[in-house]
Amino acid sequence: MSTLISPQAGRQTTSRPDRAGRRPRRRWLLPLWSWLVIAWLASPIIVMIVFGFNDTTGKFNIRWQGFTLRWYRDLFTIPDLTQALENSLTIAVIVTVLATIMGTLLGVALGRYRFRGSGSINLLMFANIAAPEVVLGAALLSLFLTVGVPRGYWTIVIAQVMFSIAYVAVTVRARMAGLDPSLEEAARDLGAGPYATFFRVTLPSIMPGVLAGALLTCALSIDDFIITSFNAGNTVTFPLWVYGASRTGVPPQVNVMGTLIFMLGVLLALVGVVYNRRKV
Amino acid sequence: MDVVKTPQQAAVTVEPPPGEPVPAIELVKIAKTFSSRRGIVTAVDAIDLVIGEGEFFSLLGPSGCGKTTTLRMIGGFEEPTEGQILLYGDDVVGVPPNHRDVNMVFQSYALFPHMSVFENVAFGLRRKAVSKAETKARVGDMLDLVQLDGKSDRRPRELSGGQQQRVALARALVNRPRALLLDEPLAALDLKLRQAMQLELKRIQREVGITFVFVTHDQNEALTMSDRLVVMNAGRIEQLGSPREVYEHPRTRFVAGFIGTSNLITGRVRAMDGSTALLEAAADECLVVPEAASAGAGVGRDLDVTVRPEKIVISEDRPGSGRCAIRGRVAEVVYLGTSTQYAVATAGGTELSVFVQNASDADDIAGRGADVWLSWRPDHSLALVTTQPAPAESRSDLSGGNQ
Ligand SMILES: Nc1ncnc2c1ncn2[C@@H]1O[C@H](COP(=O)(O)OP(=O)(O)O)[C@@H](O)[C@H]1O
Ligand SMILES: [Mg+2]
């Protein structure tokens with residue numbers, strides 16, 4: 001609007017019809033496209049949530065038969081499924097803690113210093129992220145077999161930490177690269193030793209990166225199927241159980257658990273957003 | 001390690017300027033080389049320096065001359081390749097920054113973004129386990145001093161550049177360091193604020209009485225603020241002295257060119273009378289240069305001479321004998337408000353600048369194209385040391401620069 005009053009308004013007339021002609025088309029094209037993408041992304045989630053309320057009686061939970069809260073009440077009536085969920089959640093916590101600590105330290109080192117081997121580590125992390133999960137899972141399995149480690153709960157933890165570290169390290173390294181090195185120097189200058197400098201200045205400054213890495217790790221851990229299935233032995237996680245059940249019919253409790261995990265994820269993401277707003 | 005602790009030894013190496021207070025910082029033959037992929041860079045080349053207690057001392061020089069590196073070595077962020085750094089007589093080489101009793105104001109301010117102004121300023125006191133009540137009192141006093149009272153709950157990003165600058169200053173000063181190191185602290189501010197902060201910094205320094213070591217590439221800033229300063233070039237000290245000494249008596253071509261507007265005249269020495277040189281010039285021109293011998297002048301050799309533009313007088317007629325005088329033609333006249341600048345081309349082919357105050361009774365002295373005489377008192381001809389001689393010679397020549 002203000003361009004109409006500006007002295008250059010006359011000069012702009014050549015470009016205006018062009019722009020004015022394009023604007024109405026943009027007005028419906030962009031929103032339409034956005035809603036299509038949102039619908040595409042959200043539809044499986046919506047289906048999952050809705051069918052958690054389905055009053056189904058048969059083996060297969062695929063036709064709508066009325067609303068019920070029954071599955072929320074009977075959430076833990078399938079002992080194997082309950083055990084699988086418990087495994088998934090405890091593994092996720094352990095993996096997130098371990099991978100976040102190790103990945104953060106690695107990311108700080110890679111972002112701050114150039115040292116012998118830093119190039120190879122960067123390459124290795126990239127390879128780790130880029131390599132097909134099947135390859136990593138199979139390779140790890142043959143390693144465990146060769147060394148003679150019994151597969152189970154802890155081999156799942158080891159496998160998941162292994163592939164999560166790279167994700168944390170990459171997000172932390174990016175955050176570190178944007179950090180003014182004189183911040184740490186200022187802390188040293190003001191009497192802080194190396195540890196106080198790290199915990200009071202470096203870590204709070206890179207916290208958004210650390211949290212993002214932790215969230216990513218947690219999500220990757222809970223829904224990892226491929227690598228876990230190679231190294232699980234007799235231990236069953238939530239995704240493994242669902243996959244096994246899908247041949248005979250997935251009970252609605254799975255939808256409910258999926259819904260709850262999804263809600264937890266949304267909550268964590270919201271906390272992350274609020275935290276970032278406040279801090280940076 | 002033990003050898004360096006004797007203050008006498010340091011005193012022999014670098015003589016503290018007479019009449020100066022106790023030296024707070026001494027740099028003894030301090031050098032720093034960086035090895036990078038492109039080869040070895042000598043950032044600082046064997047500098048000797050004595051900085052007195054309570055002084056406002058500036059390191060002045062063009063970008064890349066090694067000012068920051070020198071400052072960072074004093075602060076402990078770089079270790080010198082050679083030499084000693086004495087803080088009140090103690091060699092601090094190898095002592096990490098958190099155990100050095102100096103504080104630094106960084107060019108980027110380096111305020112902790114996740115802490116309030118109060119937390120930022122209290123950071124150093126917290127590390128030293130100062131009591132809560134004392135911390136509160138000292139931080140409050142310091143925020144008063146830098147005129148930021150009432151802003152203590154703000155985050156750094158909610159402050160203007162000038163205010164952030166003051167927080168950085170308060171955060172360093174609250175620790176009562178034995179010296180404060182400032183790396184171009186005003187460079188990020190706009191001109192008006194910068195000038196206000198220059199005066200402000202001076203006031204604060206007088207009030208706290210702490211030694212300030214101030215790095216800048218801005219000659220006006222250094223001249224305005226410093227008690228003494230060094231002019232640095234390519235990792236070496238070109239000259240040390242008070243702002244007046246450095247401005248009025250530049251020793252080298254580099255200093256003459258870097259500080260203020262300088263006129264450079266190069267001529268062959270025709271005769272020497274004691275230490276006074278007589279430069280070859282056209283008929284009835286006269287160039288007498290006192291104290292030229294110490295600048296390495298000799299009969300038959302070239303000598304660089306500088307004259308400050310405000311010392312030169314323009315006249316139509318030949319001035320009386322006893323003044324240095326050369327002929328020239330006015331090439332340009334620029335009105336500057338309080339003064340007028342004349343650019344005069346001499347017969348020798350050099351162009352000299354002349355500043356003439358626009359006093360109430362002053363007429364237009366000369367117009368473009370006019371043939372004029374330029375004259376000045378012989379003691380305003382300054383012989384410049386050529387920067388060519390061997391490093392050792394020029395260094396010994398410069399280290400005692402403050403006579
Ligand atoms: N960490 C470093 N690695 C390599 N060269 C450096 C480093 N720091 C400074 N230098 C070089 O040393 C010289 C002096 O730098 P500096 O002290 O920053 O100059 P100034 O502060 O006077 O502009 C420059 O040539 C610069 O490129
Ligand atoms: Mg610098």
Side-chain angles (χ1 to χ4, degrees), chain A residues 100 104 107-108 110-120 122 171-214 271-280, chain B residues 36-37 68 71-72 74-78 95-116 119-130 135 139 155-158 164 167-177 179-185 188:
Chain A
T100 303
T104 300
V108 168
L110 290 173
R112 175 58 71 237
Y113 309 105
R114 295 202 58 85
F115 51 93
R116 192 182 296 252
S118 61
S120 339
N122 277 320
T171 50
V172 170
R173 188 185 58 189
R175 187 81 200 172
M176 209 58 200
L179 190 69
D180 179 3
S182 56
L183 276 185
E184 288 168 326
E185 288 180 347
R188 295 300 302 270
D189 187 59
L190 294 165
Y195 292 100
T197 300
F198 179 76
F199 285 109
R200 292 183 188 279
V201 173
T202 315
L203 192 56
S205 305
I206 59 171
M207 205 38 133
V210 173
L211 287 182
V271 168
V273 168
V274 170
Y275 179 89
N276 280 358
R277 284 254 171 88
R278 201 168 51 85
K279 284 269 148 128
V280 188
Chain B
S36 65
R37 255 165 296 166
T68 297
L71 203 68
R72 286 172 59 81
I74 301 174
F77 301 108
E78 304 282 1
V95 177
N98 47 321
H99 293 300
R100 287 197 195 186
D101 214 358
V102 295
N103 282 122
M104 182 120 159
V105 174
F106 292 83
Q107 185 166 1
S108 61
Y109 310 149
L111 299 178
F112 306 129
H114 56 287
M115 296 182 197
S116 68
E119 293 296 319
N120 264 284
V121 178
F123 190 91
L125 299 178
R126 296 257 161 88
R127 302 284 79 69
K128 293 188 194 85
V130 174
T135 300
V139 172
R155 289 289 167 99
R157 68 162 185 281
E158 296 168 344
Q164 292 183 15
V167 177
L169 199 61
R171 184 177 70 175
L173 282 175
V174 77
N175 305 293
R176 298 176 187 154
L180 186 71
L181 313 174
L182 305 103
D183 189 3
E184 313 225 12

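Just so you know, these numbers come straight off a predicted model, no measurement behind them. Residue numbering restarts at 1 for every chain, and letters A, B, ... go by the order of the sequence lines.
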Check: What heavy-atom pair brings B:Val95 and B:Arg100 nearest, and what distance separates the two atoms?
Finding: O-NE, 2.9 Å
Notebook entry, point to check: Is it the side chain or the backbone of B:Phe77 that comes within 4.5 Å of chain A heavy atoms, both, or neither?
Noted result: side chain
Next item on the list: Taking all non-hydrogen atoms of both residues into account, name the closest pair between B:Lys128 and A:Leu190 and its distance.
Entry: NZ-O, 4.4 Å
Note to self: Between A:Ala196, A:Gly193, A:Ala187, who has the most heavy-atom pairs with chain B when the cutoff is under 4.5 Å?
What the structure shows: A:Ala187
Note to self: If you count heavy-atom pairs within less than 4.5 Å of chain A, which of B:Pro96, B:Ala168, B:Gly76, B:Pro97 leads?
What the structure shows: B:Pro97
Next item on the list: Please determine, by modelled atom types, if B:Arg127 and B:Asn98 share a side-chain donor-acceptor pair under 3.5 angstrom.
Entry: no
Item checked: Side chain, backbone, both or neither of B:Arg126 within contact of chain A (heavy atoms, under 4.5 Å) -> neither
Next item on the list: Please look at B:Leu125 and chain A and tell me whether the side chain, the backbone, both or neither of the residue comes under 4.5 angstrom of a heavy atom of that chain.
Entry: neither
Item checked: Residue, of A:Asp189, A:Val201, A:Leu183, A:Thr197, that accumulates the most heavy atom pairs under 4.5 Å with chain B -> A:Asp189
Margin query: Given 3.5 Å as the limit, does a donor-acceptor pair link the side chain of A:Asn122 with the main chain of A:Gly119, or not?
Written below: no
Notebook entry, point to check: Can you tell if the side chain of A:Arg175 reaches within under 4.5 Å of the side chain of A:Val210, non-hydrogen atoms only?
Noted result: no
Notebook entry, point to check: Between A:Asp180 and chain B, which part of the residue has a heavy atom less than 4.5 Å away: side chain, backbone, both or neither?
Noted result: side chain
Note to self: Would you say that more than 12 heavy atoms from the other residues, nucleotides or ligands in this model lie under 6.0 Å from the CZ of A:Phe115, or not?
What the structure shows: yes
Margin query: Does any backbone or side-chain atom of B:Asn103 lie under 4.5 Å from a heavy atom of chain A? Answer side chain, backbone, both or neither.
Written below: both
